[in-house]
Structure formats: structure tokens, C-alpha cells
Amino acid sequence: MATQTAFDIDLDIIEPKTFKEKPKDEELKFGQVFTDRMLLRKYENGAWDKGTIKPFENFSLSPATAVFHYGQEIFEGLKAFRQTKTGNVVIFRPDENAKRLQASARRMVIPEITEEYFLQSLYRLIGMEQDWVPRKRGTALYIRPTMIATEPALGVHPSSDYYYYVILAPSGPYFKEGFSPTKIMVEDTYTRAAHGGTGGAKAGGNYGGSMLAGKKAIDQGYSQVLWLDSKERKYIEEVGAMNIAFVLDDVIYTPPLTGTILPGITRKSVIQLSADLGMTLKEEKLSIETVAESLKSGNMTEMFGIGTAASIAPVGELKYKDEIFIINNGEIGPTTQKLYNQLTGIQYGEIEDVHGWIHTVVEK
Ligand SMILES: Cc1ncc(COP(=O)(O)O)c(C=O)c1O
């Protein structure tokens with residue numbers, strides 16, 4: 001575990017004049033409250049400025065601003081944790097988010113920022129906002145780096161100007177159920193992403209296009225949608241804001257990265273952790289028929305979502321067409337529990353970080 005030095009890049013600093021009251025850890029929801037400061041870096045005349053850590057405040061943008069019309073926008077999501085034994089503030093695998101933001105930027109024709117800038121500016125911002133990192137296990141400081149097209153002109157073309165900004169939200173569980181099993185619904189009409197599209201990038205438009213199916217699911221009492229492939233509506237892709245995994249005949253299956261699903265960093269971590277724990281995991285396509293049949297026969301014993309916001313989220317109920325499947329009696333299964341314990345154990349500093357995933361920003 002290495003402690004990161006946060007002062008290698010030159011940033012402008014504007015301190016807030018007033019400071020907000022911090023919410024109680026027990027009352028934290030997801031993404032509702034934001035900290036006192038943000039990072040803002042502007043791209044104009046073909047170059048990024050050095051960036052400013054400044055008070056969290058509204059932008060003033062022309063109604064013609066490109067992002068409002070054409071959705072040239074990408075973002076990231078990662079977390080800073082307060083380690084339970086030491087009180088240290090750490091970030092989980094931010095180098096992976098830096099690389100994925102660059103990949104999304106290339107797909108959406110947005111000028112990239114370097115991994116070094118991404119990391120160093122983040123260490124600095126989190127260091128300044130360290131008191132906002134909650135202490136209760138299960139809570140974290142959610143970090144939202146974002147890039148938007150800011151040219152104030154109409155017409156479909158890559159924008160000349162951009163903002164890169166980072167906001168921070170102390171957060172509790174993503175689902176109202178917390179680590180209790182959640183309910184998801186298979187969507188067999190609408191699809192999320194097609195081959196050659198933007199599904200593999202973390203682009204806002206992917207989420208805008210998913211709202212109708214998401215609403216359909218919520219109206220029926222489900223938290224999220226399980227997407228099928230766009231060509232045949234046959235193979236499992238991912239969930240609204242998570243990758244997905246199944247336990248079938250004691251083997252963990254998760255869909256392969258074929259360009260239509262987001263290459264999740266939690267997914268990548270779970271692939272490593274399952275090997276560490278001696279479990280067998282296969283990155284293989286799984287059809288919805290196989291899932292339905294093996295749930296009926298009892299050979300499929302667990303299903304869980306994998307993502308930064310929800311961590312490892314057990315799925316207790318799946319709806320497909322008119323059928324409702326209750327998984328593992330609606331209880332958390334042993335594989336899900338072990339992976340959850342291992343992942344969160346590393347994040348909260350209770351289990352040794354042998355892979356160098358933890359970036360320590362504040363050492364107590
Ligand atoms: C569509 C989608 N898939 C998967 C994930 C999981 O990715 P990660 O583990 O990097 O958070 C997310 C969340 O960011 C997501 O929005």
C-alpha cells in the first residue's frame with residue numbers, strides 16, 4: 001500500500017467562503033449531497049488550462065451549449081473510503097478510472113486528460129475534502145469526474161471547448177435495500193447498446209436511452225433492468241448501472257466484454273478476487289433461456305450485480321416475461337457473500353491489499 005503524494009501538479013485554489021453542514025453517516029443516500037469544493041478544468045483554443053479547485057457552485061452556460069443538444073458527455077464513478085482501523089482515506093483503483101475515461105474520451109471525440117493529471121488532481125481534491133469522507137462501514141465518498149462539450153453553438157460537430165470537472169458526494173447504499181437482495185427485470189423490447197455503438201464507453205447518452213426501460217421496471221416494483229443483446233434479445237449483457245454475474249453449477253459466469261457492455265472496474269476486480277479465493281469464473285455468454293431453465297431446475301443458485309455504486313449486489317428476484325424467479329430463497333448466497341467480504345474488506349483496509357489497488361490519500 002503506497003501513500004500518494006498529491007502536490008506534483010500546479011492547480012489554482014479558490015477557497016469557499018462558507019462551508020456546508022455535513023450529513024450524518026446514517027442518513028446518507030446516494031448522490032444527493034455534495035461537498036464544499038470541486039475541481040474545474042477548461043479546454044479552450046486547443047489546450048487544457050491548469051485547473052482550479054474551487055467552491056462547488058453552478059455553471060453559467062449558454063442555452064446553445066453543445067452538451068445540451070448533442071450529448072457529447074462522458075463520466076466516471078469511483079469511491080474514496082475511510083478505512084475502519086486506521087481512519088486513512090483511500091481511493092480504490094483510480095488509475096483504472098483514468099484509463100477508462102481516456103477510452104471514453106476517444107470514442108466521444110473529447111480531448112483526453114493524462115492519467116497523471118487525473119490522479120494528482122484527485123488526490124489533492126480528496127485531501128482537501130477529507131472530512132467529508134464518511135466513517136460508517138458501507139458508506140463512502142462517491143467521486144464523479146465528468147467531461148462536457150461547452151462550445152456555445154448549434155450544429156452536429158465535435159465541440160471546440162470542454163469542461164473537465166470533479167464533484168464529490170458522501171454516499172450510502174445505492175439501492176434502498178442496501179446489501180439485501182434486490183429485484184431486477186429482464187428487458188426484452190428495448191436494448192441498451194448495439195455493436196459499433198457507444199455501449200463500451202461511459203457516455204451519458206447510454207443512460208438517457210435506458211430511462212424508458214428503467215421506468216417500466218420501477219413501475220412494476222423492480223430496481224433495475226437486465227439488458228439483453230440488441231441483435232437477438234437472447235444473451236445477457238449487464239444491468240442498468242452494474243455488470244452481472246451468475247453462479248451455475250458452482251461456476252461463476254459473467255458476460256465477456258464485446259464492446260456493448262461497460263468494462264467495469266469492479267467486474268475486473270471480482271475476476272481477480274474469485275481466482276484469489278479459488279473459485280472458478282468464466283467470461284462467457286449466457287442466454288436468458290439458460291438462465292431461466294437453470295433457475296427452474298435449481299442449478300443456478302446465485303445472481304449478483306457488480307459495480308462501484310452498489311459494490312456486490314445480490315439479486316433475490318428476477319422477472320422475465322411473465323415468469324418470476326426467486327433466487328436462493330431471496331437470500332444472499334455464499335459466493336456473493338465471500339466476494340462482497342473480500343472486496344469491501346480490501347476497500348475498508350481490513351484485508352491486505354496484495355494487488356496494489358488501494359491509493360492512500362490521507363494517512364492518519
Ligand atoms: C452500465 C454500467 N455497467 C457496469 C458498471 C460497473 O462499472 P464499475 O465497476 O467500474 O463501477 C457501471 C457503473 O459504473 C455502469 O454504469
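Atoms within each ligand, like the ligands themselves, are counted from 1 in listed order. Scope of the values below: all heavy atoms of this structure, side chains included, with no hydrogens, waters or symmetry mates.
The ligand atoms of ligand 1 that sit less than 4.0 angstrom from a heavy atom of Ile306 are 6 (C). Close contacts between ligand 1 and Asn243 involve ligand atoms 4 (C), 6 (C) [criterion: under 4.0 Å to a heavy atom]. Against a heavy-atom cut-off of under 4.0 Å, Gly240 is close to the following atoms of ligand 1: 1 (C). Atoms of ligand 1 lying under 4.0 Å from at least one heavy atom of Thr308, given by number and element, are 8 (P), 9 (O), 10 (O), 11 (O).
The proximity of Asn97 to ligand 1, defined as any non-hydrogen pair under 4.0 Å, does not occur for either the backbone or the side chain. Contact annotation for Glu96 and ligand 1: no heavy atom of the residue comes within less than 4.0 Å of the ligand.
At the top of the distance list for atom 3 (N) of ligand 1, counting protein heavy atoms only, stands Glu238 OE1, 2.5 Å. Summary of contacts: the protein heavy atom closest to atom 14 (O) of ligand 1 is Lys202 NZ, 2.7 Å. Of all protein heavy atoms, the one closest to atom 16 (O) of ligand 1 is Tyr207 OH, 2.5 Å. The protein heavy atom nearest to atom 9 (O) of ligand 1 is Thr266 OG1, 2.5 Å. Considering only non-hydrogen protein atoms, atom 7 (O) of ligand 1 sits nearest to Gly264 CA, 3.4 Å.
Using a 30° and 60° split on the angle between ring planes, Trp48 and Tyr162 fall in the tilted class, from 30° to 60°. Using the six-membered ring where Trp is involved, Phe59 and Tyr163 have ring planes that are perpendicular, over 60° apart on the 30 and 60° scheme. Taking the six-membered ring where tryptophan is involved, the planes of Trp357 and Phe92 are perpendicular, since the angle between them exceeds 60° and thus also 30°.
In this structure, the side chains of Thr52 and Arg41 stay at 4.5 Å or more apart for every pair of heavy atoms. At least one side-chain heavy atom of Thr260 sits under 4.5 Å from a side-chain heavy atom of His195.
The heavy atom nearest to atom 13 (C) of ligand 1, considering only Ala241, Gly307, Ala193, is found in Ala241.
Contact check on Lys234 versus Glu289 returns no salt bridge, with no Lys/Arg side-chain nitrogen under 4.0 Å from an Asp/Glu carboxylate oxygen. In summary, Lys136 and Glu27 do not engage in a salt bridge, as defined by a charged side-chain N under 4.0 Å from a carboxylate O. Remark: Arg192 engages Glu238 in a salt bridge, criterion side-chain N to carboxylate O under 4.0 Å.
On a distance-only criterion, Gly77 and ligand 1 share no N/O pair closer than 3.5 Å.
Contact between Arg100 and ligand 1 is present, with at least one heavy atom of the residue lying under 4.0 Å from the ligand.
Considering Phe34, Phe30, Phe81, Phe75 as possible partners of Tyr142, the one that fulfils the ring pair (Phe, Tyr, Trp, His ring centres under 6.0 Å) test is Phe30.
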